[in-house]
Amino acid sequence: GWRIAIAGYLPGLLIGAAQAGVMLSVVALGLGMDLANVPGTIAFTVLIAATFFALQQALLALAGPAAGKVLILALLMLQLAGSGGTYPVQTTASFFQAIHPWLPMSYAVQGLRQVITGGADGRLVASTLVLVGVLALTGRLKVPTWKQQPFILVQALSLFCCNFLCFYHAASYVPSG
């Protein structure tokens, strides 16, 4: 059971972490956005990827493949409209204002705003705790055994090296000055 769950979760998590690295590379190097806390932004973005992938797997496991995919899409639509990421929540309909505090993406948006701008305060802590809580509720927050740690270390180093190479090569295409 546990090995099957991790075997299904780990590849998706690595893809999510790689996507986070590519997205942050484009934002920082391509768009020229200054990230106040680069390691924090990377870590928080990977936490978001881990949380939403675990939530997706939990919905698929609970509702089945067909109904689970419909629930995932419905949750995505609700979160896009109600999280406050595209426009302020105060300008949305009362329904979206009511569900805003219950949506995990609301905390992802709030936490990213805090960590990117460098104004980290209690909202970042609250956002991190909510996302870790969702991750724990889905059953994906586990401490790896000593036997698994070398494999995880190799994966992490590979991901870091790939991300470093992307940053290194992308920097040569971005004018500085």
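Predicted model, so just to flag it, every value in this text is computed and none were measured. Quick note: residue numbers are just sequence positions, from 1.
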Looking only at heavy atoms, which two atoms of [X] and [Y] are closest? And how far apart?
X      : Y      : result
Thr92  : Tyr87  : CG2-CE1, 3.1 Å
Phe44  : Ser127 : CZ-CB, 4.0 Å
Leu60  : Pro65  : CD2-O, 3.8 Å
Ala54  : Leu135 : CB-CD1, 3.6 Å
Leu131 : Pro104 : CD2-O, 3.8 Å
Gly84  : Val109 : O-CG1, 4.0 Å

Do [X] and [Y] belong to the same hydrophobic cluster, where Ile, Leu, Val, Met, Phe, Trp and Tyr are linked whenever their side-chain heavy atoms lie under 4.5 Å apart, directly or via other members?
X     : Y      : result
Phe95 : Leu80  : yes
Ile48 : Val132 : yes
Met77 : Ile99  : yes

Measuring from atom [atom1] of [X] to atom [atom2] of [Y], what distance do you get when rounded to the nearest 0.5 angstrom?
X      : Y      : atom1 : atom2 : result
Leu71  : Lys69  : CG    : NZ    : 12.5 Å
Thr51  : Gln56  : OG1   : CD    : 12.5 Å
Leu75  : Ile72  : CG    : CD1   : 8.5 Å
Trp102 : Gln79  : CH2   : CD    : 14.0 Å
Leu76  : Met105 : CG    : CE    : 5.5 Å
Gln110 : Arg123 : CD    : CZ    : 6.5 Å

| message | Please check if the number of heavy atoms outside Met23 that lie under 6.0 Å from its CE is greater than 12. | response |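 Atom CE in Met23 is packed in, count exceeds 12.
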| field | Sequence-distant partners of Thr86, side chain to side chain contact (heavy atoms under 4.5 Å, CB included), two or more places apart | value |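 In terms of side chain to side chain contact (heavy atoms under 4.5 Å, CB included), with neighbours along the sequence ignored, Thr86 is linked to no residue.
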| Is there a donor-acceptor pair closer than 3.5 Å between any side-chain N or O of Ser106 and the backbone N or O of His100? |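 The answer is yes, because a donor-acceptor pair under 3.5 Å joins these two groups.
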| task | Measure from the side-chain N and O atoms of Tyr107 to the backbone N and O of Leu124, and report whether any donor-acceptor pair falls under 3.5 Å. | result |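 Absent.
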| Does the side chain of Leu112 come within less than 4.5 Å of Val115's, by heavy atoms? |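 Side chain of Val115 against side chain of Leu112, heavy atoms only: contact under 4.5 Å found.
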| query | Taking only residues two or more places apart in sequence or in another chain, which ones pass ring-ring contact (aromatic ring centres under 6.0 Å, His included) with Phe52? | reply |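 None.
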Taking only distance into account, with no hydrogens and no angle test, what donor-acceptor pairs under 3.5 Å do side-chain atoms of residues 35-42 form with protein atoms, sequence neighbours excluded?
residue: Asn37; atom: OD1; partner: Gly40; partner atom: N; Å: 3.0
residue: Thr41; atom: OG1; partner: Asn37; partner atom: O; Å: 2.7

